[in-house]
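Read the structure below first, then the notes.
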Amino acid sequence: MKLTGLISPNFSEETLEDAYKLFPSGIRIEGRTLKVEKYTDDEFGRAELMLADLVRDLARHPLDFLMVTGELFLSYKGPGSDLDILDLVKTITAVPASTVLTAVVRGCHALGLKRIVMASPFPEDQDERLVKFLAHYDIEVVAFRGLGCPNADVIWELPPASGYELAASVLSEHPNVDGIYIPCNKWRIVSVIERLEKDHGKPVVSNTQAWVWEALRLMNIAKPLPGYGRLLSEFK
């Protein structure tokens, strides 16, 4: 049995359903929530003040890995802020750790994605922050389109088909990119990743898919996992 710690904005057991679809049997997730009611810097700042205590709480468990998710929380302080978060974690625990944006960047690099498009459930100002964040790591977002959802509760109600439709639309308009990034683990789109790749011939990197990939790598239990996109099926 492996134990993964997860710190996630507005965490609930329901949000683990997609992650457990991807993890092999024998992995359990212990989650803690960063409360973010709306996408504002004040809310992200309050969440940041909670982070160290949540890491300490999880570190009392026999963790094999620790993941901090929440793209907007991670990017609100600017490019490279994921590394600051990981430095903080290292002062508290020696458990291997990562953030979802660190995983997204590594996933894009593993697949050779240098020019991408982004399909997002977020408001435009938040998407622009993600574009700048990825550019810091030499990943160019050629175009992005968002749904403008104001909070995670609205995103949670979106059907998986909404992710496919938005991603397919932006890919159709920009067919010469290397791939597509789809953020937010509240947008339950892992079930459409394979179809999207087959229909458009471009790799997909998404939130839950990327952090599971990162967790499996850093726990040294990586093996090809078909059905959820090239990132997991090719496992580099």
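It should be emphasised that the depicted structure is a prediction, and the values quoted were computed from it without experimental measurement.
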Under 3.5 Å side-chain donor-acceptor pair for [X] and [Y]:
{"X": "T99", "Y": "T102", "result": "yes"}
{"X": "Y228", "Y": "E197", "result": "no"}
{"X": "D127", "Y": "S120", "result": "yes"}

Can you tell whether the side chains of [X] and [Y] come within less than 4.0 Å, N to carboxylate O?
{"X": "E30", "Y": "R28", "result": "yes"}
{"X": "R145", "Y": "E173", "result": "yes"}
{"X": "E140", "Y": "K114", "result": "no"}
{"X": "K35", "Y": "E43", "result": "no"}
{"X": "D41", "Y": "R46", "result": "no"}

Side chain to side chain, [X] and [Y], heavy atoms closer than 4.5 Å:
{"X": "W211", "Y": "T69", "answer": "yes"}
{"X": "V142", "Y": "N176", "answer": "no"}
{"X": "F122", "Y": "L130", "answer": "yes"}
{"X": "V212", "Y": "T208", "answer": "yes"}
{"X": "W213", "Y": "R106", "answer": "yes"}
{"X": "T4", "Y": "D64", "answer": "no"}
{"X": "L216", "Y": "P24", "answer": "yes"}
{"X": "I221", "Y": "I27", "answer": "yes"}

Parallel, tilted or perpendicular, as decided by the 30° and 60° cut-offs, for the rings of F73 and Y76: parallel
Ring geometry between F44 and Y39 (parallel below 30°, tilted from 30 to 60°, perpendicular above 60°): parallel
If you round to the nearest 0.5 Å, how far is [atom2] of [Y] from [atom1] of [X]?
{"X": "L88", "Y": "T93", "atom1": "CG", "atom2": "OG1", "result": "11.5 Å"}
{"X": "L34", "Y": "S8", "atom1": "CG", "atom2": "OG", "result": "7.5 Å"}
{"X": "L196", "Y": "I180", "atom1": "CG", "atom2": "CD1", "result": "6.0 Å"}
{"X": "I189", "Y": "N207", "atom1": "CD1", "atom2": "CG", "result": "8.5 Å"}
{"X": "D178", "Y": "I116", "atom1": "CG", "atom2": "CD1", "result": "9.0 Å"}
{"X": "K186", "Y": "C149", "atom1": "NZ", "atom2": "SG", "result": "13.0 Å"}

Heavy-atom pair of closest approach, residues [X] and [Y]:
{"X": "L111", "Y": "E234", "result": "CD2-OE1, 4.3 Å"}
{"X": "G229", "Y": "I193", "result": "CA-CG2, 3.7 Å"}
{"X": "T33", "Y": "P9", "result": "OG1-C, 4.1 Å"}
{"X": "P183", "Y": "M118", "result": "CD-CG, 4.0 Å"}
{"X": "R188", "Y": "D18", "result": "CA-OD2, 3.3 Å"}
{"X": "A143", "Y": "H174", "result": "CB-NE2, 3.3 Å"}

Crowding at NZ, K21 (>12 non-hydrogen neighbours, <6.0 Å): yes
Is there a donor-acceptor pair closer than 3.5 Å between any side-chain N or O of [X] and the backbone N or O of [Y]?
{"X": "S233", "Y": "P224", "result": "no"}
{"X": "S169", "Y": "E165", "result": "no"}
{"X": "Q209", "Y": "S206", "result": "yes"}

Do [X] and [Y] belong together in a cluster built from hydrophobic side chains that touch within less than 4.5 Å?
{"X": "W187", "Y": "W156", "result": "no"}
{"X": "L83", "Y": "I92", "result": "yes"}
{"X": "Y20", "Y": "F65", "result": "yes"}

I7 vs M67, side-chain contact (heavy atoms from CB on, under 4.5 Å): CA-CA, chis, key distance, verdict: CA-CA 6 Å; I7 298 174; M67 169 56 64; over 6 Å; no
Chi angles and distances behind the side-chain contact (heavy atoms from CB on, under 4.5 Å) call for V68, L86: CA-CA 9 Å; V68 180; L86 293 178; 5.9 Å; no
side-chain contact (heavy atoms from CB on, under 4.5 Å) evaluation trace for K2 with F23: CA-CA 11 Å; K2 296 281 189 178; F23 273 133; over 6 Å; no
side-chain hydrogen bond (donor to acceptor under 3.5 Å, both in side chains) between D82 and Y137, intermediate numbers included: CA-CA 11 Å; D82 61 318; Y137 292 103; 2.8 Å; yes
Over-ring placement of R195 relative to Y164, 6.0 Å and 45° cut-offs: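 Judged by the rule (NZ or CZ under 6.0 Å from the ring centre, within 45° of its axis), R195 counts as positioned above Y164.
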Derivation of the side-chain contact (heavy atoms from CB on, under 4.5 Å) call for S75 and K132: CA-CA 9 Å; S75 65; K132 291 178 182 177; over 6 Å; no
